[in-house]
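Here the structure is laid out as C-alpha cells; the discussion comes afterwards.
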Amino acid sequence: MKRICALVSLMFLMTSCEVFVIKAPQREQAKVIDLTQRTPLGVVYLLKAELDSGNLLGAMSIIASPDGSKYLAIERYEHADRLSRLKRMIAQRQITDIRTDTLSTDTFNINLEFDWTKKMSFTASRIDNSWYVVGYKCLY
C-alpha cells in the first residue's frame, strides 16, 4: 500500500510541473528585406532580383555613376554588357552571407556571398533620397 501511495504521489508530482520540456528548438525568423530603393541592402537585393528575372533595363535604372550622379541613357546602354556579365555570374544563386559596412552616412559597402563560393562587394550610395548601386566587384 505504501508503494502504491508513493507511486501515485510521484506521478502527480511529475505531471504537475514541467521539469523537462521536450519540443523542437525554435527556428530563427528570417529577416524581411524591402526590395526597393529605400535602403542600401534593399537596392542590392533589388538589383539581384532584376538580374534573376532577366530584366536588364530595370537593373540599369538602379545603377549610378561612382561620382554620385545618375547615368544618362547612352551611358546605361553602354553598361548593358557589364550587367549581362554580372547576371551570368550571380543569377539564380542563393545569397548565403551578408556583411554591411558603413563608409559614410550616404554610402554603404555590402559584401555578399553566393552559394558559399563566390563573394562580391557592392557599393550603394544615396542620390536624391533614393539608393543606387554605384559600384560592384568580385572578391573571390
Check the angle between the aromatic planes of F108 and W131 and answer parallel, tilted or perpendicular using the 30° and 60° thresholds.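 F108 vs W131 ring planes: perpendicular.
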
Once rounded to the nearest 0.5 Å, what's the spacing between atom [atom1] of [X] and atom [atom2] of [Y]?
| X | Y | atom1 | atom2 | answer |
| --- | --- | --- | --- | --- |
| I90 | R93 | CD1 | CZ | 9.5 Å |
| L41 | I33 | CG | CD1 | 4.5 Å |
| L112 | K48 | CG | NZ | 9.0 Å |
| L51 | L83 | CG | CG | 6.0 Å |
| I62 | L57 | CD1 | CG | 11.5 Å |
| M120 | I95 | CE | CD1 | 11.0 Å |

Applying a strict under-4.5 Å side-chain criterion to I, L, V, M, F, W and Y, I'd like to know whether [X] and [Y] cluster together.
| X | Y | answer |
| --- | --- | --- |
| L56 | L35 | yes |
| V134 | M60 | no |
| Y132 | Y45 | no |
| L46 | I127 | no |
| I63 | Y77 | no |

Polar side-chain atom of S53 near backbone of E50 as donor-acceptor pair, under 3.5 Å: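 Here the side-chain-to-backbone pair exists.
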
Within the distance-only criterion (no hydrogens, no angle test), does the side chain of D115 pair as donor or acceptor with the backbone N or O of Q94 below 3.5 angstrom?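 Yes.
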
Closest non-hydrogen atom pair, V43 against P40: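 It is CG1-O, 3.1 Å.
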
State, yes or no, whether a side-chain contact exists between S121 and N111 at a heavy-atom distance under 4.5 Å.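 Yes, close enough: below the 4.5 Å cut-off.
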
Greater than 12 external heavy atoms within 6.0 Å of I4's CD1: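 For I4, atom CD1 is not crowded (no more than 12 foreign heavy atoms under 6.0 Å).
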
Decide, yes or no, whether a salt bridge links D81 with R85 under the criterion of side-chain N to carboxylate O below 4.0 Å.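 So D81 does not pair with R85 through a salt bridge.
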
Between the side chains of R99 and D101, is the shortest nitrogen-to-carboxylate-oxygen separation below 4.0 Å, so that they form an ion pair?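 No, no charged N to carboxylate O under 4.0 Å.
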
Applying side-chain contact (heavy atoms from CB on, under 4.5 Å) to V44 and I98, what does each step give before you reach the verdict? CA-CA 11 Å; V44 173; I98 304 166; over 6 Å; no

Taking side chain to side chain donor-acceptor pair (under 3.5 Å) as the criterion, tell me which of E113, K119, K118 meets it with T96.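 Among the candidates, only E113 passes.
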
